[in-house]
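Here's the structure, in structure tokens; my notes come after.
Just so you know, these numbers come straight off a predicted model, no measurement behind them.
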Amino acid sequence: MTERELTEFSVELYQVQFLHQPGLNGLTLIQVLRGELLFGAGEQTSTLSSGAIQLVNRHTDWSLHSQSENMVMIVTLSGQWVARWYPDFFLYDYQLTDSNAPRNWNHALHTALRQVLEATVMKNAQRYRLELNRWLSEVMLVLITGFQQPTKANGSRHQHWSRRITQVVQRIENNVERRISLGEIARAEFVSEAWLSRLFRREVGVSFMQFITTLRLQNAVEALRTTSKPVHQIALEQGFANNRQMIDLFKRHYGKTPRQFRRNPQEDAAERPQVRENEPRDVTPVPSHLIFALLNQAEPHKDASSAPHYDTGEELKVTLHHGRMRPQRIRDIVITVRDIDDLLQHEVQAQLRELHATLPLSGLDIAEPLLNSPLLRTDWHTPLMANPGWMRLQQILHFIDELDVALNLRLDADSTPQQLGHFLRQCVDYFPLSRLSRWRFLWVWSADTPARNNEQSWKTLRWCIRQHLPQAQIGLYYPFAPGTDGIRHEPVWHQPWLREADFIACTADANETLDLHSALDEDAPLQRAVDYPTQRLQAITAELHRHKLTLPVHLLAWNTLTGQTLYANGGFFRGALLMHTLLSLPDSVVNVGFWLNATLQHEALENEKFDTSSLAIWFGDALPRPVYWVLRLWSRLRGERAASGHGHLLTRSDDGWQLLLSNTVAFNPDLSSQETFIQRFRRRMSLTINSIPPGRWRIRRLRFDQQNGALFPLMEHMQSVSGPDAEALDWIRHRARPQMQMWEETLSGEWRVQETLESNALVLYELSPLR
């Protein structure tokens with residue numbers, strides 16, 4: 001079986017006389033159910049007796065020999081299937097050794113393989129693949145937890161590559177036989193070609209095409225050594241455009257043609273294992289009566305213990321008081337794009353129009369300093385109406401007028417008052433003040449600039465803005481150091497010109513003080529990180545009050561705990577974590593910021609590293625990320641807070657009542673692939689609400705969790721190397737939303753709700769009176 005034939009996994013039962021298998025890009029487990037066999041891999045051989053398990057790592061040729069009766073189960077897990085759930089798979093080997101494997105993990109592995117055998121033998125037509133998925137996932141979990149070892153340096157090219165490049169190389173290796181392009185891979189990874197090309201060359205050391213060519217030539221060398229296939233067939237199988245291309249590249253690389261190489265191979269060819277195409281493969285199916293006889297025997301490695309399952313239940317009672325209640329505050333949303341000219345892109349405008357129609361969108365924030373934009377690199381002494389950059393700027397401002405939102409423009413210590421003055425003077429001459437009065441300027445404090453220079457830059461740029469736009473707001477964007485303890489000692493509080501600012505902007509990232517790799521078994525830091533954004537903002541607010549400042553706070557970038565979300569930031573569902581932060585923001589926070597989409601967010605960073613300090617609304621250019629639906633649910637919590645507590649919030653508005661239930665759970669994201677087995681934090685809630693006005697009510701229920709609306713589980717079903725096509729994207733977009741139900745009930749003063757919430761699930765009930 002080749003890797004191309006093996007798309008996910010296979011389980012085979014044989015009686016073996018001789019079997020040779022080439023190395024696959026996955027894992028193979030061989031369990032001897034009966035008899036004795038000789039196992040060989042490279043120059044090493046060993047005897048496998050009844051009950052023994054042999055594990056074969058990726059890209060390793062192996063063979064089995066036996067002269068006696070036997071029964072063998074061969075389980076093969078493709079690298080693609082494993083990496084779907086455990087992206088770090090390519091960074092490790094797996095070794096079954098008595099010295100390193102605790103006895104309980106040996107028992108767990110035997111138990112899981114027994115379940116695989118039973119599922120294969122019974123082969124229930126409706127549940128077979130589902131059961132196999134379950135128990136093979138258990139097998140992989142046991143291997144990762146109990147038998148995982150770092151890949152040997154000389155045995156893996158992947159050891160020092162990032163997860164992104166490891167995945168890219170995996171795509172190349174799985175499709176090297178056909179004409180694969182950088183654009184195709186980039187689309188499958190949802191990144192730009194230029195970005196991927198730079199990252200690939202930086203990590204691998206050669207260009208994308210050089211890597212593919214080298215890989216094809218190496219495969220061709222192996223085929224020339226070990227098969228008698230004609231050269232033109234090898235060229236076709238290895239993805240070369242034609243026979244001539246392979247011959248030319250082969251001669252340039254090895255100094256001889258493929259035919260010359262085959263007649264006189266390199267000296268190390270004798271040291272490599274020779275595999276003949278006509279090598280016998282002597283295996284026969286196992287008679288069913290022998291299998292059932294085996295299953296009727298007592299299981300020697302029976303493990304009565306089961307995976308931990310945390311399923312808590314609680315009873316809650318809420319009595320409503322119909323007096324004056326605390327209003328539920330909805331913050332305005334600010335969307336960040338990389339540069340101002342991004343607002344000319346069709347997909348950017350389409351996304352912003354959709355956001356503006358569904359969310360309380362108040363402003364657009366430009367990440368790059370205003371005066372760095374190519375649109376403003378112009379000769380101010382020539383007629384601007386003939387200047388293409390100025391014409392495009394007018395189009396942008398017309399689009400902002402259409403959205404009816406404010407515009408955040410950033411300045412820094414490198415911005416000059418002369419260039420800013422030229423720009424503002426032209427804007428005042430050409431555009432109405434009603435449009436310009438909604439601009440907000442953010443001056444970015446530079447930690448690398450002396451305090452005196454920062455002060456001078458602030459004063460001159462502020463004076464320039466006030467001369468031309470006296471009504472415009474001017475705020476300070478300050479990069480506070482990570483943590484909360486050091487906020488009091490930041491030098492910004494001692495600057496007298498801080499009192500001239502109209503607002504202060506900041507960030508709050510729950511990951512910036514947390515080292516997940518050094519606290520794998522410690523829950524306390526993870527629990528503290530849940531409230532970190534709120535505590536950081538509270539510390540900033542407290543310091544403003546201590547200095548008798550009443551500046552509003554603009555939260556322009558923030559994040560919850562992150563993990564392995566599609567190789568970037570969070571492989572577990574975070575809906576309730578996001579909602580928890582939004583609902584616990586201090587009153588001083590008036591704006592909450594998000595990047596428009598992941599594409600602009602990633603490309604705006606230096607060193608080609610992913611941004612885990614902020615949240616993007618859209619994945620790529622087409623799909624709304626979970627935070628979008630969290631914001632949609634958040635915006636529906638209107639009116640006044642009637643009741644609140646751990647995991648529930650009840651609000652009352654003119655339209656009725658809104659009840660939000662949540663199960664906020666924090667755990668190490670590196671364990672997210674094991675969540676099904678060891679991190680089940682379900683929460684059962686039984687909530688009774690008294691004093692609901694009697695009558696007939698329409699009830700709407702929106703459920704948002706890992707199975708109902710989460711984006712990335714849906715994307716994992718689209719395994720095409722070229723990525724989802726338009727129809728697949730439409731399907732994902734349609735499914736990646738909370739599940740909705742609606743019905744009517746007649747209530748007589750009491751309403752009872754029962755829910756079971758998975759980790760970080762959200763459920764929103766809306767009760768509307770029917771008259």
Restricting to non-hydrogen atoms, name the atom on [X] and the atom on [Y] that form the minimum distance, rounded to 0.1 Å.
{"X": "Leu551", "Y": "Leu544", "answer": "O-CD1, 3.7 Å"}
{"X": "Ala761", "Y": "Ala576", "answer": "O-CB, 3.9 Å"}
{"X": "Ile396", "Y": "Ile340", "answer": "CD1-O, 3.2 Å"}
{"X": "Leu762", "Y": "Ser662", "answer": "CD2-CB, 3.5 Å"}
{"X": "Ser635", "Y": "Leu359", "answer": "OG-CD2, 4.3 Å"}
{"X": "Leu344", "Y": "Gln349", "answer": "CA-NE2, 3.9 Å"}

### Task
Can you establish whether the number of heavy atoms outside Glu727 located under 6.0 Å from its atom CD is more than 12?
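No, not enclosed.
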
Between [X] and [Y], is there a donor-acceptor pair closer than 3.5 Å when you use the side chain of the first and the backbone of the second?
{"X": "Asn511", "Y": "Thr560", "result": "yes"}
{"X": "Tyr532", "Y": "Ala508", "result": "no"}
{"X": "Asn760", "Y": "Val665", "result": "yes"}
{"X": "His356", "Y": "Leu403", "result": "yes"}
{"X": "Asn663", "Y": "Leu757", "result": "yes"}
{"X": "Asp531", "Y": "Thr534", "result": "no"}
{"X": "Asn708", "Y": "Phe704", "result": "no"}

### Task
Given side-chain hydrogen bond (donor to acceptor under 3.5 Å, both in side chains), test Ser614 with Gln601 step by step and report yes or no.
CA-CA 9 Å; Ser614 55; Gln601 177 193 37; 2.9 Å; yes

Within a strict 4.5 Å, meaning less than it, do heavy atoms of the [X] and [Y] side chains meet?
{"X": "Arg440", "Y": "Leu409", "answer": "no"}
{"X": "Trp657", "Y": "Pro693", "answer": "yes"}
{"X": "Trp751", "Y": "Ile699", "answer": "yes"}
{"X": "Asp339", "Y": "Leu600", "answer": "no"}
{"X": "Ser686", "Y": "Val753", "answer": "no"}
{"X": "Thr336", "Y": "Asn408", "answer": "no"}
{"X": "Arg701", "Y": "Leu764", "answer": "no"}
{"X": "Tyr478", "Y": "Ile540", "answer": "no"}

### Message
Tell me whether the rings of Tyr628 and Trp618 are parallel (<30°), tilted (30 to 60°) or perpendicular (>60°).
### Response
tilted

### Task
Assess whether side-chain hydrogen bond (donor to acceptor under 3.5 Å, both in side chains) is satisfied between Arg536 and Thr484, documenting all intermediate values.
CA-CA 5 Å; Arg536 180 173 170 84; Thr484 57; over 6 Å; no

Side chains of [X] and [Y]: is there a donor and an acceptor less than 3.5 Å apart?
{"X": "Gln741", "Y": "Trp743", "answer": "no"}
{"X": "Glu755", "Y": "Tyr765", "answer": "yes"}
{"X": "Thr688", "Y": "Arg752", "answer": "yes"}

Atom [atom1] of [X] and atom [atom2] of [Y]: how far apart are they, to the nearest 0.5 Å?
{"X": "Asp341", "Y": "Glu368", "atom1": "CG", "atom2": "CD", "result": "10.0 Å"}
{"X": "Leu661", "Y": "His648", "atom1": "CG", "atom2": "NE2", "result": "8.5 Å"}
{"X": "Arg331", "Y": "Asn591", "atom1": "CZ", "atom2": "CG", "result": "10.5 Å"}
{"X": "Arg353", "Y": "Leu361", "atom1": "CZ", "atom2": "CG", "result": "12.5 Å"}
{"X": "Thr664", "Y": "Arg574", "atom1": "OG1", "atom2": "CZ", "result": "13.0 Å"}
{"X": "Ile487", "Y": "Thr541", "atom1": "CD1", "atom2": "OG1", "result": "9.5 Å"}

Taking 4.0 angstrom as the limit, do [X] and [Y] come out as a salt bridge?
{"X": "Glu758", "Y": "Arg703", "result": "no"}
{"X": "Asp654", "Y": "Arg638", "result": "no"}
{"X": "Arg698", "Y": "Glu766", "result": "no"}

### Message
Consider side chain to side chain contact (heavy atoms under 4.5 Å, CB included). Of Ile330, Leu355, Val592, Leu631, which one does Pro360 pass it with?
### Response
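Checked Ile330, Leu355, Val592, Leu631 against Pro360; only one passes side chain to side chain contact (heavy atoms under 4.5 Å, CB included): Ile330.
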
### Query
Can you name the one residue among Val590, Val589, Leu585 that meets side chain to side chain contact (heavy atoms under 4.5 Å, CB included) with Arg329?
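Only match with Arg329 under side chain to side chain contact (heavy atoms under 4.5 Å, CB included): Val590.
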
### Query
Cationic tip of Arg410 within the cone over Tyr477's six-membered ring, i.e. under 6.0 Å and within 45° of the normal?
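Yes, a cation-pi geometry.
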
### From CA spacing to verdict: side-chain hydrogen bond (donor to acceptor under 3.5 Å, both in side chains), Thr746, Arg696
CA-CA 4 Å; Thr746 299; Arg696 190 156 186 82; 2.6 Å; yes

### Query
Which residue pairs satisfy the salt bridge (charged side-chain N to carboxylate O under 4.0 Å, His left out) criterion with at least one member in residues 732-742, sequence neighbours excluded?
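Qualifying pairs, neighbours excluded: Glu354-Arg733.
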
### Message
Just to verify, what does Pro694 make a side chain to side chain contact (heavy atoms under 4.5 Å, CB included) with, not counting sequence neighbours?
### Response
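Pro694 satisfies side chain to side chain contact (heavy atoms under 4.5 Å, CB included) with no other residue.
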
### Query
What's the verdict on side-chain hydrogen bond (donor to acceptor under 3.5 Å, both in side chains) for Thr651 and Gln658, showing C-alpha distance, side-chain angles and the deciding distance?
CA-CA 5 Å; Thr651 62; Gln658 301 85 39; 2.6 Å; yes

